[in-house]
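Shown next, in structure tokens, is the structure this report addresses.
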Amino acid sequence: MNPQDIAAGRFREIRKAEAEIVKTEAALAKATARLEELRGELPQAVGSDRTALAAALVDDKSEPEGKAEAIRAEIVQQELRVEALHDAVSVARQRIPALVKENKVAWRRRGTQELGEARARYENAISELEAAREGLNGAATLLSWLDSGDVCDAANDALGGLRRVESAAERPVIAFSRAIEELRGDCEHLATLADTPRDNREPQPRFELATGGVAGMRVSDWGETD
């Protein structure tokens, strides 16, 4: 997620500033294209003026008004326009940092409120996931008992149930309880991320997710064991 895109979705001032940047950059692109067009026209105009002047001199006529000089003057003016628009783009791009500085307290207050709401939604979803699996287990267990008299739960802690050893390499067993624990840890981590240094290290495989933990061994987030 791009944080500025998120901010634009919430704060009208950011959206207006972004629109101004787009508008200003478009004007600069148009002006720059016109400048390059004029510069491309100049050599041909110089040659055309020279040919027309030579013909007039040969025929002893008055010298024609050249086109190249007018193009040179237009180039100078267009260069000024491009320089001015470069300044305008720079000013427009500085507007967003200025807005953040001006509104940080109010925007952070709103963001903190949204963070709390999002955290509660995530936590409720985890609880609902647990309840939904338990409900499915109950329904499946009932049907199994009705059909065969089996008194065991249809589900166990392994997601997808126990599997043959030869298939485990293709689809490792993941402990449901550990997955729920990790989801809750993820929720806590994200909810406190704004107030703690962000850890940008690349995550390593979590083997304990597949095994539910190995006695006497601790596997860290970064693949280190002890």
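All values below come from the heavy atoms of this structure, side chains included, with hydrogens, waters and symmetry mates left out.
- The two residues Ile126 and Arg184 come nearest to each other via the heavy atoms CD1-N, 3.8 Å.
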### Message
What verdict does the salt bridge (charged side-chain N to carboxylate O under 4.0 Å, His left out) test give for Glu37 and Arg34, after you've listed the backbone C-alpha separation in whole Å, the side-chain angles of each residue and the deciding distance to 0.1 Å?
### Response
CA-CA 5 Å; Glu37 184 180 318; Arg34 177 55 182 159; 2.6 Å; yes

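- A 6.0 Å sphere centred on CD of Glu130 holds more than 12 heavy atoms belonging to other residues, nucleotides or ligands.
- Between Glu18 and Ala8, the shortest heavy-atom contact is OE1-CB, 3.3 Å.
- Between Glu123 and Arg119 there is a salt bridge, since a side-chain N of the basic residue sits under 4.0 Å from a carboxylate O of the acidic one.
- Here the straight-line distance linking atom CG of Leu193 with atom CG of Leu115 works out to 9.5 Å at 0.5 Å rounding.
- Enclosure of atom CD in Glu65 is not indicated, since only 12 or fewer non-hydrogen atoms of other residues, nucleotides or ligands lie within 6.0 angstrom.
- A donor-acceptor pair under 3.5 Å is absent between the side-chain atoms of Asp150 and the main chain of Ser144, judged by distance alone.
- Apart from Leu80 itself, the hydrophobic cluster it occupies contains nothing, where clustering links Ile, Leu, Val, Met, Phe, Trp and Tyr at side-chain heavy-atom distances under 4.5 Å.
- Listed by first and then second residue, the ring pair (Phe, Tyr, Trp, His ring centres under 6.0 Å) pairs that reach into residues 9-54 are Phe11-Trp107, sequence neighbours excluded.
- Under 4.0 Å is where a charged nitrogen must lie from a carboxylate oxygen, and between Arg178 and Glu182 at least one such pair does.
- The distance from atom CZ of Arg133 to atom CG of Leu159, rounded to the nearest 0.5 Å, is 5.5 Å.
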### Query
Between Arg95 and Val91, does a side chain to side chain contact (heavy atoms under 4.5 Å, CB included) hold up when you go through it step by step?
CA-CA 7 Å; Arg95 182 58 181 151; Val91 170; over 6 Å; no

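- Judged as a side chain to side chain donor-acceptor pair (under 3.5 Å), and not counting sequence neighbours, the contacts of Asn137 are Thr141.
- Taking each heavy atom of Asn2 and Gln4 in turn, the nearest pair found is OD1-N, 2.9 Å.
- Pairs of residues two or more places apart, or lying in two chains, that qualify as side-chain hydrogen bond (donor to acceptor under 3.5 Å, both in side chains) and include a residue from residues 71-93 are Glu25-Arg93, Arg39-Glu79, Glu69-Arg72, Glu74-Arg81, Gln78-Arg81, Ser90-Gln94.
- Cluster membership for Leu129 and Leu190, using ILVMFWY side-chain heavy atoms within less than 4.5 angstrom, is shared.
- Atoms CD and CG, from Glu134 and Asp153 in turn, are 7.0 Å apart once rounded to the nearest 0.5 Å.
- Judged by distance alone, the side chain of Asp157 and the main-chain N or O of Ala175 form no donor-acceptor pair under 3.5 Å.
- Under the 4.5 angstrom side-chain criterion for Ile, Leu, Val, Met, Phe, Trp and Tyr, the cluster partners of Val89 are Leu28, Leu35, Leu38, Leu42, Val46, Ile71, Ile75, Val82, Leu85.
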Donor-acceptor contacts under 3.5 Å from residues 57-64 side chains, at least two apart:
none

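- Taking 4.0 Å as the cut-off between side-chain N and carboxylate O, Glu114 and Arg110 count as a salt-bridged pair.
- For Ile96 against Ala17, the heavy-atom pair with the smallest separation is CG1-CB, 3.7 Å.
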